[in-house]
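Every chain is numbered from 1 and lettered A, B, ... according to where its sequence line falls, protein lines coming before strand lines.
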Amino acid sequence: MSAQLVGISLSPARGEAYYIPVGHVGWEQVEQLPIQQVIDRLKSPLADANLAKLAHNGKFDMMVLAECGITVNNLTFDTMVAAHLLGEKSLGLKSLAFSKLNIEMTPISELIGSGAKQISMSQVEVSKVADYACADADITGQLAELLSAELHQQGLWQLFSEVEMPLVPVLLLMERNGIALDTELLRKMSHQLGEQLIKLESEIFSYAGHQFNINSPQQLGSVLFDELKLPPGRKGKSKYSTEASVLEELRGVHPIIELILEYRQLTKLKSTYIDALPSLINPKTGRVHTSFNQTRTATGRLSSSEPNLQNIPIRGELGRQIRRAFIAPHGSCLLAGDYSQIDLRALAHLSQDPGLLSAFQQDEDIHAATAAQLSGVDTSKVTPDMRRLAKTVNFGVIYGMSEYGLEQATELSREEAAQFIAAYFEKYPKVKQYLESTKEQARETGYVQTMLGRRRFIPEINSSNRQVREAAERMAINMPVQGTSADIIKVAMINLCREMAKRQLKSKMLLQVHDELVFEIPEGELETMRQLVPEVMSTALKLSVPLKVDTKMGNNWGEME
DNA sequence: GCAGTCACG
DNA sequence: ACGTACGTGACTGCG
């Protein structure tokens, strides 16, 4: 949102392209058209919904153009999105041109340099940029032809044209909407945390007998395991691990451990969120604008970056407090709709296991139902501990958990963990069958897929290295489940956006956090949106089990009910 | 630029 | 005997 437009390249046909310079600076540049004249002339064809557009990473171009007052309608083909769907790992235009078309394009560094000497594209002379930018536009067109054929061949066209491409303008809108922050609250928290950290630090130093950098795992390891002679968790060959799970085991052995765990937690939250977020507020809008990345994950999920708004803390009092800094402006409030157990519902649908299906069809508490099944008691007799254990197992299953994994995650012994897993598969036999057939499909075809046919290629599935192979099997098990959930929420986002536009609602979709959508709602639309959001989310796709959606609302993201 | 760590679903 | 749950992104230290 803060990029400056330097020029626009367009290619109307193969081998033909034009460059319109508008933002080049410097003494020897050629004369450029006034930017407003260019905008006025391009505005209508770019907005014309009857004219198809193709681009590489079109969301970026659309963002820059939108900041100039230009709306782009009917982006029908994005070569970056297409390449990602086809399982390409290297998604840059230059690299795709080479791997798919055998064309070696000029690297951008040839124009702007690299490292400290790097200059802005605006400082490069027009004639050089014209050649470079025209090649970009032309090659994008050629790539689109090729990738389009591949998408059709692989059976991915429908997913591409009906889900991934329509999602692009939705994500653009969300990014441009941004979210408001209570900077005053964050400032107070930063101050208070700073004082608390100074105290913690001096206590840690007094136990250590000297000052050191607590943030350096190397220095911390040597203080704990060399100087204080605490037993190192048998991790490293040469180095010590100081990660939280190792330190947890040492709680009670030495008072310094607790202080370090607390210090770690507080510094993490302070540096990553409390201090960083206010600096990312866009001065023009007064809000933070994340990027939602559509081509970063192996499962079909989105990711969020700069800042990542999909990992804002929620656990613990301090985490809650940070969420309270995400606010709705006066006269509006935040509404969140979240899918209840979407991954397990996806598993029920994919496996068609009768036990799982019926539990969801009866709208049972799935973890309690699993606990009841495993112990043979009635659901009403399930204790919180039993439910917690069943929850761990339920999640473990969709991650391809081992006995060892369950042992680590619980209080169970290895034998008990093994018994538990065996009992689980006895109660849910089609889950076991499904997991086996998924691995089998991966071995036979080299890929696994989601409900909508999204694929993940897993070449390591036939590796002779057991560790590599087993890691591949876990990916194979998890992707269809996680990816089906991603399919569902993407369709919901598109449908909601359409419905909101159709009804000319002023409410804004702000965030997606994998199973949750967050909206900013003006007071007058509360009733409408509170009904519309769960309705559209729960009917996004038809599964063998109902999709349950809970909604919450509040003035900030931390206190919603 | 990598490794270690840790925040989220 | 070994090493172990899936998927992300940001910050810090360090070479």
Heavy-atom donor-acceptor pair, A:Glu110 side chain to A:Pro107 backbone, under 3.5 Å: no
Going by the ring-ring contact (aromatic ring centres under 6.0 Å, His included) test, which pairs reach into residues 387-418 of chain A, not counting sequence neighbours? A:His367-A:Phe395
Distance in angstrom units between A:Gln512 CD and C:dG9 C1', rounded: 15 Å
Taking the P atom in each of B:dT5 and C:dT4, what is the distance between them to the nearest angstrom? 13 Å
Considering only NZ, NE, NH1 and NH2 on the basic side and carboxylate oxygens on the acidic side, decide whether A:Glu175 and A:Lys59 come within less than 4.0 Å. yes
Residues within residues 250-272 of chain A bordering DNA chain B, heavy-atom distance below 4.0 Å: A:Arg264, A:Gln265, A:Lys268, A:Leu269
On a whole-Å scale, what distance lies between the P atoms belonging to C:dA5 and B:dG4? 16 Å
May I ask you to decide if the ring planes of A:Trp557 and A:Phe326 are parallel, tilted or perpendicular, using 30° and 60° as cut-offs? perpendicular
Sorted by number, the residues of residues 419-445 of chain A with heavy-atom contact under 4.0 Å to DNA chain C: none
According to salt bridge (Lys or Arg N to Asp or Glu O under 4.0 Å), does anything in residues 261-281 of chain A pair up with another residue at least two apart or in another chain? List the pairs. A:Lys270-A:Asp275
Between A:His254 and A:Tyr207, does the ring centroid distance fall short of 6.0 Å? yes
Neighbours of DNA chain B within residues 389-402 of chain A, by heavy-atom distance under 4.0 Å: none
Quick one: is A:Asn213 getting a side-chain N or O under 4.0 Å of the C:dG13 phosphate, OP1 or OP2? yes
Would you mind telling me which of C:dT4, C:dG7, C:dG13 lies closest to the side-chain atoms of A:Arg414? C:dT4
Can you name the nearest heavy-atom pair linking A:Ile322 to A:Pro313, along with the distance? CD1-CG, 3.9 Å
Reading DNA chain B from 5' to 3', where do the contacts with chain A start and stop? Cut-off is 4.0 Å to heavy atoms. B:dG4 to B:dG9
Specify the closest pair of heavy atoms between A:Ser303 and A:Thr297, including all atoms of both residues, with the distance to one decimal. CB-CG2, 4.3 Å
Pull out every residue in residues 460-486 of chain A that has a heavy atom closer than 4.0 Å to any atom of DNA chain B, ordered by number, or say none. A:Gln482
A:Leu347 CG to C:dA5 C1': how many Å, rounded? 14 Å
Does the side chain of A:Ser216 get closer than 4.0 angstrom to OP1 or OP2 of C:dC14 through an N or O atom? yes
Qualifying residues under ring pair (Phe, Tyr, Trp, His ring centres under 6.0 Å), relative to A:Phe205, sequence neighbours excluded: A:Phe212
Length of the CZ-P vector between A:Phe292 and C:dT8, whole Å: 16 Å
For A:Arg454, enumerate each residue passing the side chain to side chain donor-acceptor pair (under 3.5 Å) test, keeping only those at least two apart in sequence or located in another chain. A:Glu164, A:Asp487
If you measure only the distance, is there a donor-acceptor pair under 3.5 Å linking the side chains of A:Thr290 and A:Ser304? yes
Not counting sequence neighbours, which residues clear ring pair (Phe, Tyr, Trp, His ring centres under 6.0 Å) with A:Phe420? List them please. none
By ring pair (Phe, Tyr, Trp, His ring centres under 6.0 Å), A:Tyr447 pairs with (sequence neighbours left out) A:Phe457
Per the 3.5 Å Watson-Crick/G-U criterion and a run length of at least three, the stems involving DNA chain C are B:1-9 with C:6-14
